[in-house]
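Being a predicted model, the structure only gives us computed values, none of them experimental. Order of the sequence lines fixes the chain letters, A, B, ..., with proteins taken first and strands second; residue numbering starts at 1 for each chain.
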Amino acid sequence: MSTIALPKAAHGARPLPREFYLEPTLTVARRLLGQIVVRTLPTGERLSGIIVETEGYLVGDPACHSYRGKTPRNASMFGPPGHAYVYLSYGMHQMLNLVCQDEGVAEAVLVRALEPLEGVETMRSLRGGITNSIQLTNGPGKLAAAIALTRQEDDGVDVTDPKSRLQIIPGQIVPDSEIVDSKRIGITQGADLPWRYYLRGNAYVSRK
DNA sequence: AAATCGATTTGCT
DNA sequence: GCAAATCGATTTC
């Protein structure tokens, strides 16, 4: 079931530095596996989870939102690295992306699934009280709902800032042997590109 | 200006 | 297994 150990020193850890997001975007997508999303609610409560599934979206990639240029929706993708790009999908689901590359190079990693760490009961209520813990965060729209992300509140947030309400902090280093490469999900353009990565055998991955 | 589609999830058949 | 829900961007008339 749960495949990774709970990082012990997660509390008080500094967020991953901005340089982390300057490696090639597909490298960042792989390295984000095992890192930790930390969400601080207005109440001060802390929700967190280990990233177990990601997808890369690159310049020149027809499936990437930046492919047809800058719009109000995708503007944060064109901004500096280490910020969140949160957008509304299908009119109802918020998607969490992390912007990579220098300002002007609009690439990002979509965070597709988390393994919950802290605040599980709060996540459960944010997800309509569902009882199945696996289904709390095993999909991009699900995880965004579970940690109360919205485009209005969280698009553009700096995830490298220790006082930010959304941060990515160091978790585990995951060896390549534990990472499965596969095709991205739910897209029509560039559907054959193997730019989806997930932790082998992890129960919280959206689809094996 | 109107219709269609999408990096999805949920509920009902 | 299929369709609805719903908003922003793209495509079409």
Chemist: Atom CG of A/L58 and atom C1' of B/dA7: how far apart are they, to the nearest Å?
Modeler: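 Spelled out: CG on A/L58 to C1' on B/dA7 is 14 Å.
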Chemist: Mind checking A/L110 for me? I need base, sugar-phosphate or nothing, with any heavy atom below 4.0 Å counting as a touch.
Modeler: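 Since a base atom lies under 4.0 Å of A/L110, the category is base.
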Chemist: Base, sugar-phosphate alone, or nothing: which one does A/R184 contact when heavy atoms must sit under 4.0 Å apart?
Modeler: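 Nothing, no heavy atom under 4.0 Å.
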Chemist: With a 4.5 Å limit on heavy-atom distance, are the side chains of A/N97 and A/V109 in contact?
Modeler: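 Not in contact.
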Chemist: Under 4.0 Å, counting only non-hydrogen atoms across every strand here, what does A/R207 touch: a base, just sugar-phosphate, or nothing?
Modeler: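 It contacts nothing in the nucleic acid.
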Chemist: Would you please confirm or rule out a distance under 4.0 Å between OP1 or OP2 of C/dA9 and any side-chain N or O of A/T71?
Modeler: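 Indeed, a polar side-chain atom of A/T71 lies that close.
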Chemist: Starting from C1' on B/dA7, measure out to CG on A/D192 and report it in whole angstrom.
Modeler: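 To the nearest whole Å, that distance equals 15 Å.
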Chemist: Identify whether a stacking contact exists between A/Y90 and C/dA5, where the ring centres must be under 5.5 Å apart and the planes under 30° apart.
Modeler: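 Answer is no, no stack.
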Chemist: Could you go through A/Y57 and A/H65, starting from their C-alpha distance and side-chain angles, then the distance that decides it, and tell me whether this counts as ring pair (Phe, Tyr, Trp, His ring centres under 6.0 Å)?
Modeler: CA-CA 8 Å; A/Y57 287 88; A/H65 284 177; 7.4 Å; no
Chemist: Is it true that A/R184 and A/E55 have a side-chain N and a carboxylate O under 4.0 angstrom from each other?
Modeler: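 Salt bridge absent between A/R184 and A/E55.
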Chemist: Mind checking whether A/P162 and A/R14 have side chains closer than 4.5 Å, heavy atoms only?
Modeler: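 Yes, close enough: below the 4.5 Å cut-off.
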Chemist: Rounded to the nearest Å, what distance is computed from the CG atom of residue A/N138 to the C1' atom of nucleotide B/dT10?
Modeler: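 The answer, rounded to whole Å, is 13 Å.
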Chemist: So that I can tick it off, tell me whether A/D176 and A/R30 are bridged by a salt bridge, with the cut-off set at under 4.0 angstrom between side-chain N and carboxylate O.
Modeler: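 The answer is yes: the pair qualifies as a salt bridge.
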Chemist: For A/E53 and A/S206, test the side chains for any donor-to-acceptor distance below 3.5 angstrom and give the result as yes or no.
Modeler: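 Per modelled atom types, A/E53 and A/S206 side chains form a pair under 3.5 Å.
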Chemist: Using whole Å, report how far CZ of A/R68 lies from P of C/dT10.
Modeler: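 In whole Å, C/dT10 P lies 7 Å from A/R68 CZ.
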Chemist: Of the non-hydrogen atoms in A/G119 and A/E45, which two are nearest, and what is the gap between them?
Modeler: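 Scanning both residues, the minimum pair turns out to be CA-OE2, 4.1 Å.
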Chemist: In whole angstrom, what separates A/M92's CE from C/dA4's P?
Modeler: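 Between P of C/dA4 and CE of A/M92: 13 Å.
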Chemist: Can you identify which nucleotide, out of B/dA7, B/dT10, B/dT8, has its nearest atom closest to the A/M95 side chain?
Modeler: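 Selected nucleotide (nearest to the side chain): B/dT8.
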Chemist: Using heavy atoms to find the nearest nucleotide of DNA chain B for A/I185 and A/K142 separately, return the residue whose nucleotide is more 5′.
Modeler: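 The 5'-side residue here is A/I185.
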Chemist: OP1 or OP2 of B/dG6 versus the side-chain N and O atoms of A/T188: is any pair under 4.0 Å?
Modeler: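 Affirmative; the distance criterion is met.
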Chemist: In whole angstroms, how far is the C1' atom of B/dG6 from the CG atom of A/N74?
Modeler: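 Rounded to the whole Å, the gap is 14 Å.
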Chemist: Between B/dA7 and C/dG1, how many Å separate the two P atoms, rounded to a whole number?
Modeler: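 My reading of the P atoms in B/dA7 and C/dG1 gives 23 Å.
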Chemist: May I ask you to verify if any side-chain N or O of A/R127 is less than 4.0 angstrom from the OP1 or OP2 atom of B/dT9?
Modeler: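 Checking A/R127 against B/dT9: no side-chain N or O falls below 4.0 Å of OP1 or OP2.
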Chemist: In whole Å, I'd like the distance from the CG atom of A/L193 to the C1' atom of B/dA7.
Modeler: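 Rounding to the nearest Å, CG of A/L193 and C1' of B/dA7 are 13 Å apart.
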Chemist: In dot-bracket form, 5' to 3', how is DNA chain B paired? Count Watson-Crick and G-U wobble pairs only if both distances fall under 3.5 Å, and write | where the partner sits on another strand.
Modeler: ||||||.|||||.
Chemist: In this structure, how many angstroms lie between the P atom of C/dA5 and the CD atom of A/Q94, rounded?
Modeler: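 My rounded result for the distance is 19 Å.
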Chemist: When you get a sec, tell me which of C/dA9, B/dT8, B/dA7 is the closest nucleotide to the side chain of A/R73?
Modeler: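 Looking only at side-chain atoms, A/R73 lies closest to C/dA9.
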Chemist: Taking 4.0 angstrom as the limit, do A/R73 and A/D155 come out as a salt bridge?
Modeler: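 So A/R73 does not pair with A/D155 through a salt bridge.
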